[in-house]
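Take a look at the structure below.
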There are 2 protein chains.
Amino acid sequence: MSRSEDPKLGLIRTLGALTRKVRTLFDARASEYGLTEARARLLLHLTQSCPLTQGELADAMDVEPPTMARLIDGMEAGGLVRREAVPGDRRQRHIVLTEAAQSQAEAVLVLTAQLRTEVLAGISEEELAITHRVVCRMLDNVAKAGRS
Amino acid sequence: MSRSEDPKLGLIRTLGALTRKVRTLFDARASEYGLTEARARLLLHLTQSCPLTQGELADAMDVEPPTMARLIDGMEAGGLVRREAVPGDRRQRHIVLTEAAQSQAEAVLVLTAQLRTEVLAGISEEELAITHRVVCRMLDNVAKAGRS
DNA sequence: CGCGATTCTATAGCCTGCTAATAGTTAGCA
DNA sequence: TGCTAACTATTAGCAGGCTATAGAATCGCG
């Protein structure tokens, strides 16, 4: 696949291909832990702040509540998280990591850092900063376009 | 959601969010034509070079053959493409646009250009070029990491 | 010529996005 | 108090990624 096209025409498409391939690579490596990219991200998030409700997690990971619900379903079935009652509001559920998940966190962290290093190899700090700024700008633009 | 994190930590994640949101926005706008982002891209590709086999299309759109097969299934059911026999090799199928699809091509082109303009608003040519280069580099890195 | 290897498409099954619609709970106000 | 509105999570259903596997057709070499 040629990636030498006009940036204006090809950037968005190339971004899509990139995120798909990063995810596929991560999934392949994480499969030996019974994890996927989404599950690993949720796991890491919970190691940093816990307990959170499903809604808070959905916000934090920037997905819709049903997506989060099903992600949790899978991890609960796999024994990685538990749903717990929230005192004072029976609508909400706190999601907490199981022991098993906590003991995997370190490995997941290593895996994530390793992949990040590989993916970002050969890119300068400055290029990275510019790219990050551009991507955030695009995200803002999409949000603006979506509201109109 | 705060996007002000360290680029090294947040870039890949932000990229994922961006591509999802671009896709969702495109899907919402294209729904009145009975299209989705993936179908629209396939449609546009076929207007430029046609006929192609499914394998060639999968390569061109950088997806796996089963993904392309199902995408074509849906578009065939929707009357947008036809599978035609390839003379000389009964394994392959040529995918061709129907009249209905061809008459939509212009509108899809407009929709795509419009969205691109909105998403890339306020980003300089230079920033765009750097970002494109960085993303291509990341794609290379992922490909390299995947082969090892 | 014929058989094994290769190639192309299709199917099955999984995961993760989304929207829309439901059910249960809480809150707020008359 | 009691009704309505708002909020939280779930379910159902669709789309589009992926891998693995199967089936049909072709190719190539002995």
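Here the structure is a predicted model, which means the values were calculated and not measured. Just so we're on the same page: letters track the sequence lines, and every chain starts at 1.
- Rounded to an integer number of Å, the gap from CG of A:Asp62 to P of C:dT16 is 16 Å.
- Side-chain atoms of A:Glu84 never come within 3.5 Å of backbone atoms of A:Val96 as a donor-acceptor pair (strictly under, hydrogens ignored).
- The residue among A:Arg20 and A:Gln54 whose nearest nucleotide of DNA chain D lies closer to the 5′ end is A:Gln54.
- With 3.5 Å as the limit, one finds a donor-acceptor pair spanning the side chains of B:Arg83 and B:Gln54.
- Of the candidates C:dT9, C:dA12, C:dA20, the closest approach to any side-chain atom of B:Pro66 belongs to C:dA12.
- Scanning all heavy atoms of the two residues, the minimum distance from B:Ala100 to B:Gly79 falls at CB-O, 4.2 Å.
- Nearest heavy-atom pair, B:Ile123 versus B:Val119, reported as atom, atom and distance to 0.1 Å: CD1-O, 4.1 Å.
- Rounded to an integer number of Å, the gap from B:His94 NE2 to C:dT9 C1' is 14 Å.
- Side-chain atoms of B:Thr131 do not come within 3.5 Å of backbone N or O of A:Thr131 as any donor-acceptor pair.
- Regarding A:Asp73, its CG atom lies at a distance of 13 Å from the C1' atom of C:dT16, rounded to whole Å.
- Under the side-chain contact (heavy atoms from CB on, under 4.5 Å) criterion, B:Glu126 pairs with B:Ser124, B:Ile130, not counting sequence neighbours.
- Residues B:Glu56 and B:Arg70 both approach DNA chain C. Their nearest nucleotides, taken by heavy-atom distance, put B:Glu56 toward the 5′ side.
- The stretch residues 23-48 of chain A comes close to DNA chain C through A:Arg23, A:Thr36, A:Ala38, A:Arg39, each having a heavy atom under 4.0 Å from the strand.
- Rounded to whole Å, the distance from CE on B:Met75 to C1' on C:dA10 is 18 Å.
- Sorted by residue number, the members of residues 83-92 of chain A with any non-hydrogen atom under 4.0 Å from DNA chain C read A:Asp89, A:Arg90, A:Arg91.
- When DNA chain D is scanned 5' to 3' for any atom under 4.0 Å from a heavy atom of chain A, the first and last hits are D:dC7 to D:dC18.
- B:Met68 has its CE atom 16 Å from the P atom of C:dT11, to the nearest Å.
- Nucleotide C:dG17 holds its P atom 15 Å from the CG atom of B:Leu18, rounded to whole Å.
- Shown here are the salt bridge (charged side-chain N to carboxylate O under 4.0 Å, His left out) partners of B:Asp140, two or more places apart in sequence or in another chain: there are none.
- The cluster map of Ile, Leu, Val, Met, Phe, Trp and Tyr, joined by side-chain heavy atoms under 4.5 Å apart, puts A:Val86 and A:Ile72 in different clusters.
- Formation of a donor-acceptor pair under 3.5 Å by the A:Arg20 side chain with backbone atoms of B:Asp62 is found in this model.
- For the pair B:Asp59 CG and C:dT7 P, the interatomic distance rounds to 13 Å; values are reported in whole Å.
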Worksheet item: For A:Leu15 and A:Met138, what are the C-alpha separation, side-chain angles and deciding distance, and is it a side-chain contact (heavy atoms from CB on, under 4.5 Å)?
Response: CA-CA 12 Å; A:Leu15 281 176; A:Met138 291 170 73; 3.9 Å; yes
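- Considering only heavy atoms from C-beta on, A:Gln114 comes within 4.5 Å of A:Arg29 through its side chain.
- The backbone N or O of A:Ala113 lies less than 3.5 Å from a partner atom in the side chain of A:Thr117, making a donor-acceptor pair.
- Map A:Gly55 and B:Val63 each onto its nearest nucleotide of DNA chain D; the residue landing nearer the 5' end is A:Gly55.
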Practice prompt. Mind running salt bridge (Lys or Arg N to Asp or Glu O under 4.0 Å) on A:Arg82 and A:Glu76 for me, showing each step along the way?
Written response: CA-CA 6 Å; A:Arg82 270 193 309 270; A:Glu76 194 175 31; over 6 Å; no
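- Rounded to whole Å, the distance from NZ on A:Lys21 to P on C:dT16 is 19 Å.
- Residues from residues 108-119 of chain A that place a heavy atom under 4.0 Å from any atom of DNA chain C: there are none.
- Proximity of a side-chain donor or acceptor of A:Asp27 to a complementary backbone N or O of A:Thr36 within less than 3.5 Å is not detected.
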